[in-house]
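In what follows, a single structure is set out as structure tokens and then discussed.
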Amino acid sequence: MRIDLHNHTTKCNHATGTIDEYIQRAIELGVDIYGFSEHAPMNFDPYYRLSFEDMSCYEQDILTYKQIYKDDIEILLGYEVDYLKGYIDSRVIENRSVDYLIGSVHFLDKWGFDNPEFIGEYKNRDIDDIWQEYFDAIEDMAKTGYFDIVGHLDLIKVFKYLPQKDIRVIAQNALKAIKKSNMVIELNSAGLRKPIKELYPSKELLEVVYELDIPITFSSDAHSVEQVGFGYKEVIEIAKSIGYTKAVTFEQREKQLVNF
Ligand SMILES: [Zn+2]
Ligand SMILES: [Zn+2]
């Protein structure tokens, strides 16, 4: 089974290509289960995500395509939700009829640390502190229990500013919280096309994830048709080399393990 659960649409204002084109490309690549997880609305940085008013329209669109393509591919409906203290909105995380919610940290306080526009901030602060702050946010996110999947676990490495301290030590409490909350970690290939040129999470962290018996799933984090299925072969090889043989898919927030 080939799974790809993290994909965007033009509704976030920073992606290109139609839903139909993404799905057709996924079918062409032999994807069996393909999920959309648009950036959920939030009253911060609102332009680069869905608006609250557009949520039902987005959901309807995906469900319509789910029907249209039901004989060719399984389409899932999800959201990628920003974890930013003070901005968690009940309209997103409560009673939403979706297959899964991805919890992601893209902001430390209000610093969009993965945005090249604000890269200068890395020079102003201690890199170990930045990394710890990031993984503390991941830990808090996991402890809320609101989410099913951890989005790009070590996104903080995106620009290759790496800590002095052992990353496994920095991440250890976050990983414990993820385990305790029964979350799944996505193997997100977007890192392979960013300056770090490495899967999220790194092999080093994935080994710890495996030791903790935390399940995984697969994501291309596509923001364009060309990015659908990006790096899949490489990602599968890494997953297998660590020892994984099964991945998780979801239906209405229920996990299901499948062979990949
Ligand atoms: Zn995005
Ligand atoms: Zn993201």
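Counting starts at 1 for both ligands and their atoms, in listed order. Every heavy atom of this structure was used, including side-chain atoms; hydrogens, water molecules and symmetry mates were not.
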Tell me every residue that passes salt bridge (Lys or Arg N to Asp or Glu O under 4.0 Å) with Lys66, counting only those two or more places apart in sequence or in another chain.
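Once residues adjacent in sequence are excluded, Lys66 has no partner under the salt bridge (Lys or Arg N to Asp or Glu O under 4.0 Å) criterion.
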Please identify each residue that fulfils side chain to side chain donor-acceptor pair (under 3.5 Å) with Asp20, with sequence neighbours left out.
Gln24, Tyr69
Side chain to side chain donor-acceptor pair (under 3.5 Å) partners for Asp128, two or more places apart
none
For Asp109, I'd like to know if atom CG has over 12 heavy atoms of other residues, nucleotides or ligands within 6.0 Å.
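Counting neighbours around CG of Asp109, 12 or fewer heavy atoms of other residues, nucleotides or ligands fall under 6.0 Å, so no.
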Contact between Val105 and Asp82 at the side-chain level, heavy atoms closer than 4.5 Å - yes or no?
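No, their side chains stay 4.5 Å or more apart.
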Just wondering, is there an N, O or S atom on His106 that's nearer than 2.8 Å to the Zn ion (ligand 2)?
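So His106 does bind the Zn ion (ligand 2) by this criterion.
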Distance under 6.0 Å and angle within 45° of the ring axis: does Arg2 meet both against Phe260?
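Not satisfied by the 6.0 Å and 45° rule.
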What are the protein N/O/S atoms, named by residue and atom, that sit under 2.8 Å from the Zn ion (ligand 1)?
His14 NE2, His39 NE2, His223 NE2
